[in-house]
Each structure stands twice: as structure tokens, then as C-alpha cells.
Amino acid sequence: MSVTTSTKTLTEQTGARTDEAASLIGDARERIDALDDRIIGLIQERMAVSAVIQEARITSGGRRVNLAREMEVLAHYRDALGKPGTSLAMTMLELCRGRV
């Protein structure tokens, strides 16, 4: 007997073939959703810190963006996550630019 959530059973929602697998997938998805919320919060925090840095740089007569630093960030993500890490870092840097 499948666990029912809304109008579809949990096995239908997860694509699992057993109730045990569906339960495991459902629990894992809840954990992923919680992790995603934390990641979003951390990115928002990073955006705020980046805005402080940009404001200080602009106020002191510098440029808003430090390309050398951005290259360091890109390399860090690439080294840690491989080629897709570079794309992830580019998106994050884009979110953090121009908020000042």
C-alpha cells in the first residue's frame, strides 16, 4: 500500500517502485529543500558582504569590480567542483555585482 500525498501516491510522485524507496526519496528531497534554503541564505549573505566591499572600493576611488579577485573565486570553485563549478561561480558573481 502506497503512502498518499495530495492526489498522487508518494511512489507516483517520486518515481520509485516501492514504498520503502519512495519514503527514502521523500525524506531526501526534504533534506535537499532545506539545504537549498540554506544555500540561498548564504548567497544572500554573500551578496550583502559583496555590497559592503564594493561600496568601500568605490568610496575610496576604486572600481566596483576587482577582476583579479573574481578570477581567484572562479579558480576556487573550478578546483573544488570541476568545470561546472566555474559556471556556478560566474552566476554567483553576477548576483553579487552591481548592488551598490
Side-chain angles (χ1 to χ4, degrees):
M1 160 151 103
S2 297
V3 178
T4 302
T5 305
S6 295
T7 58
K8 289 187 176 183
T9 65
L10 192 54
T11 52
E12 290 171 331
Q13 289 177 348
T14 63
R17 295 184 179 219
T18 66
D19 289 343
E20 182 180 341
S23 179
L24 185 136
I25 291 168
D27 292 346
R29 284 183 177 170
E30 286 180 18
R31 185 160 182 231
I32 285 174
D33 290 344
L35 289 167
D36 286 343
D37 288 342
R38 287 174 46 200
I39 291 166
I40 289 167
L42 288 170
I43 291 171
Q44 290 170 331
E45 184 177 346
R46 189 189 195 287
M47 291 167 65
V49 173
S50 182
V52 169
I53 293 169
Q54 290 175 54
E55 180 68 32
R57 194 179 295 123
I58 291 168
T59 301
S60 71
R63 298 179 62 152
R64 179 174 48 88
V65 176
N66 180 334
L67 296 178
R69 172 63 180 153
E70 287 196 356
M71 295 306 291
E72 290 174 8
V73 172
L74 292 171
H76 180 68
Y77 274 71
R78 182 188 63 243
D79 292 346
L81 303 172
K83 187 177 178 182
T86 303
S87 297
L88 178 63
M90 285 295 295
T91 300
M92 183 192 55
L93 289 170
E94 183 179 345
L95 286 168
C96 292
R97 285 187 203 122
R99 298 291 180 179
V100 176

So, E72 and R69, do they make that salt bridge, N to O below 4.0 Å?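 Yes, this pair counts.
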
In the single-linkage hydrophobic clustering (I, L, V, M, F, W, Y; side-chain heavy atoms under 4.5 Å), do [X] and [Y] co-cluster?
X   : Y   : answer
L81 : L93 : yes
L74 : L88 : yes
M47 : I39 : yes
M71 : M92 : yes

Closer than 3.5 angstrom, by distance alone: can the side chain of [X] be matched with the main-chain N or O of [Y] as a donor-acceptor pair?
X   : Y   : result
S23 : D19 : no
R57 : R64 : yes
Q54 : C96 : yes

Can you name the nearest heavy-atom pair linking I25 to A16, along with the distance?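 Closest approach of I25 to A16: CD1-CB, 3.9 Å.
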
Out of curiosity, [X] [atom1] to [Y] [atom2], how far, rounded to the nearest 0.5 Å?
X   : Y   : atom1 : atom2 : answer
S60 : E55 : OG    : CD    : 10.0 Å
E30 : D33 : CD    : CG    : 7.5 Å
E70 : E94 : CD    : CD    : 10.5 Å
L24 : E20 : CG    : CD    : 7.5 Å

Using the rule side-chain contact (heavy atoms from CB on, under 4.5 Å), only one of R46, Q44, E45 pairs with L42; which is it?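 Among the candidates, only E45 passes.
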
